[in-house]
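Counting starts at 1 for both ligands and their atoms, following the listed order. What you are looking at is a predicted structure, and each value in this text was computed from that prediction instead of being measured.
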Amino acid sequence: MVLLYNPRSTFSQRTPLPMSLLAVASTLGERDVEIVDGNCEPDPVGRIIASATRNRPTAIGVTVMPGPQLNQALPDTRRLKAALPDVPIVWGGYFPSQHATTVLHDDAVDYCVVGQGERAFPALLDTLDHGGALSSIPGLVYRDAGAVRDNGPAALEPLDPLPQWPYDRLPMERYLHTHYLGRRVGAHHSSYGCAFRCNFCGIVPIAGGRWVAESAERTATVLRLLQTTYGMDAVQFHDMDFFISEKRTAEFAERITPFGLTWWALGRIDELMRYADTTWRAMAASGLKMVYCGVESASPERLAQLNKGGTAHPDQALALARRSQAYGIVPEFSFMVGTPPDPMADAEATFEFIRRIKSINPAAEIILYTYTPLPVDGTLWDEARRLGFTYPDTLDEWVNGEWSTFALRRDPRTPWLSDRARRRTRNFEKVLNAFYPTVTDTRLTGMRRALLRGLGSWRYQLRCYAWPLELDILQRLVRYRRPETAGF
Ligand code: B12
């Protein structure tokens, strides 16, 4: 018996499919597996304790992302440890993959799996059940005679040979949502890692520039299954970069065109600009409705500092705004403001660039993130440390006070980010979102849109972003939902 737990990760009505645990559960073979999703259950810890008391599990596996999920995972794990002291608790996912030593300094957690869990987790379970050397499990970090031992990263596991995700172990109805993309929108992740090493991205310290992907055939088969079994009519791909291989994208588009689905995915601008017109046509015909791209900055020097790699250049975002419009695909562009050493100048240049994008393609969505340091070697991380940035040493610090919201990338309280720069960014965002109401909020009626736009107009034209109190009130009144805080 194995219990897998997804602590609450969101307060949104739209429950995210716990793909991490589906992936981990897929390779547990004949083992009896119970997945408990804290986003769906009123008392997930109570349910786990009851199950584990009936039938002692080999281990409890907990998936932990930074942010709200970590804040929930720590107290829950401590409750589980107190109630079930002899059941090993294993943390996997983004947070322990980056901070395994800090995690293992806490007595509530016994093991961390760094990176992919499909091989390391069953190997650990076999060792716990039958004995063997923990030191021979790549990707495992554990305590040994009072010290923390790190076995080092495992090789990336190719995805096609792995078993299908066991959707039947979850209440799938809970994970299909109605929004901009469709009436029953599902989720999938068709690859692992990313071929690039942008130094603000969470996958880099884990995947180290490596990428493995399902074949187009396998991904199409998964979508067909979700469509025929669960009535899914649209899908969001959460891959770090869906579009790395043009050949895979083109074949995938061709395969799914007859399904009549709509889809959304993330990709790099330079890659998409390299794609042939025939691939763009195939993507549009196959139902690609929106594509999410990180522009990050209006400055080529800043992109180099962010180690964006490839052939990234801000001007390509302007070209993509045009090209996607020609195919009826809405681009969603995210920016990274608040980078050291001069976040104010950086933000002003970004705002002007966003205005250029909007003048080309008013439907383009804009998302503003604030630079949140990650332990990725390179100038930015070095600069952040030089300016006094350090991570907490304990899990208690991570879940308390300012650190508990650090990962949200909205207000990370980095030492170089002044209140003025922070306020200016949020104010610009309010004015922009009023003047160009998002296309993704399907509840915004024509009248509400006109009202927002009318009220935001003078501020946008005059670049008067300061103190947009009237917009604040209006955006609250019309219950405006922004994708960066709420998803679609
Ligand atoms: C889905 C998702 C979410 C979901 C929650 C999912 C859940 N579990 O409930 C939602 C939408 C709620 C979410 C929220 C946030 N997210 Co999020 N999210 C993702 C996303 C897109 C996919 C994760 C996923 O399912 N991957 C697919 C699975 C198969 O892979 P995996 O998770 O890596 O799991 C593998 C291994 O990690 C390991 N593993 C994972 N869990 C476990 C458990 C055990 C026991 C074991 C052994 C192994 C193991 O094995 C798995 C299979 O190989 C990732 C980006 C990405 N593409 O991965 C970002 C990501 C994890 N999110 C991130 C962030 C920062 C957030 C936020 C905190 C902030 C933000 N602004 O986005 C918010 C919180 C917002 C809020 N207000 O609540 C960052 C984390 C950065 C970092 N420092 O590590 C990521 C990496 C995005 C990025 N590019 O930076 N997120």
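Ring geometry, His99 versus Trp398: the interplanar angle falls from 30° to 60°, so the pair is classed tilted. Between Phe95 and Trp91, the angle of the ring planes goes over 60°, which puts this pair in the perpendicular group of the 30/60° scheme. The aromatic rings of Trp263 and Phe242 sit tilted, their planes meeting at an angle between 30° and 60°.
Considering backbone and side-chain atoms alike, His189 places an N or O below 3.5 Å from some N or O of ligand 1. Ligand 1 has no nitrogen or oxygen under 3.5 angstrom from a nitrogen or oxygen of Thr10. Residue-to-ligand polar distances keep Ser97 apart from ligand 1: every N/O pair is separated by 3.5 Å or more. For Trp165, no nitrogen or oxygen atom sits less than 3.5 Å from a nitrogen or oxygen atom of ligand 1, counting backbone and side chain alike. Below 3.5 Å of separation, one finds no N or O of Gln116 facing any N or O of ligand 1. For the pair Ile203 and ligand 1, the shortest N or O to N or O distance does not fall below 3.5 Å.
Arg426 and Asp472 are not joined by a salt bridge, as no carboxylate oxygen comes within less than 4.0 angstrom of a charged side-chain nitrogen. Salt-bridge check for Asp86 with Arg56: passed, with a basic side-chain N closer than 4.0 Å to an acidic carboxylate O. Between Arg31 and Asp129, at least one side-chain N (NZ, or NE/NH1/NH2) sits under 4.0 Å from a carboxylate O, which counts as a salt bridge.
The proximity of Pro18 to ligand 1, defined as any non-hydrogen pair under 4.0 Å, does not occur for either the backbone or the side chain. Contacts with ligand 1 closer than 4.0 Å are made by heavy atoms of both the backbone and the side chain of Ser20. Residue contacts with ligand 1, taken as heavy atom pairs separated by less than 4.0 Å, involve Ser9 via backbone and side-chain atoms alike. Contact annotation: for Tyr192 versus ligand 1, heavy atoms closer than 4.0 Å belong to the side chain alone. The part of Asn39 lying near ligand 1 is the side chain, judged by heavy-atom distances below 4.0 Å. At a 4.0 Å heavy-atom cut-off, ligand 1 touches Thr63 through backbone and side chain alike. Under 4.0 Å from ligand 1, not a single heavy atom of Glu157 appears.
Close approach of ligand 1 to Ala23 is summarised as follows: ligand atoms under 4.0 Å from at least one heavy atom of the residue are 29 (C), 52 (C). Within the listing of ligand 1, atoms 68 (C), 74 (C), 76 (C), 78 (O) sit less than 4.0 angstrom from a heavy atom of Pro68. Those atoms of ligand 1 with a heavy atom of Val62 less than 4.0 angstrom away are 43 (C), 45 (C).
At least one heavy atom of Gly115 sits closer than 4.0 Å to an atom of ligand 1. Heavy-atom distances between Asn6 and ligand 1 reach below 4.0 Å in at least one pair. In this structure, Phe11 does not count as a contact residue of ligand 1, since none of its heavy atoms falls inside 4.0 Å of the ligand.
Around CD of Glu217, the count of heavy atoms belonging to other residues, nucleotides or ligands within 6.0 Å does not exceed 12.
When ring centroids are compared, Tyr175 and Tyr230 stay outside the 6.0 Å threshold.
The closest side-chain heavy-atom distance from Leu181 to Gln236 is below 4.5 Å.
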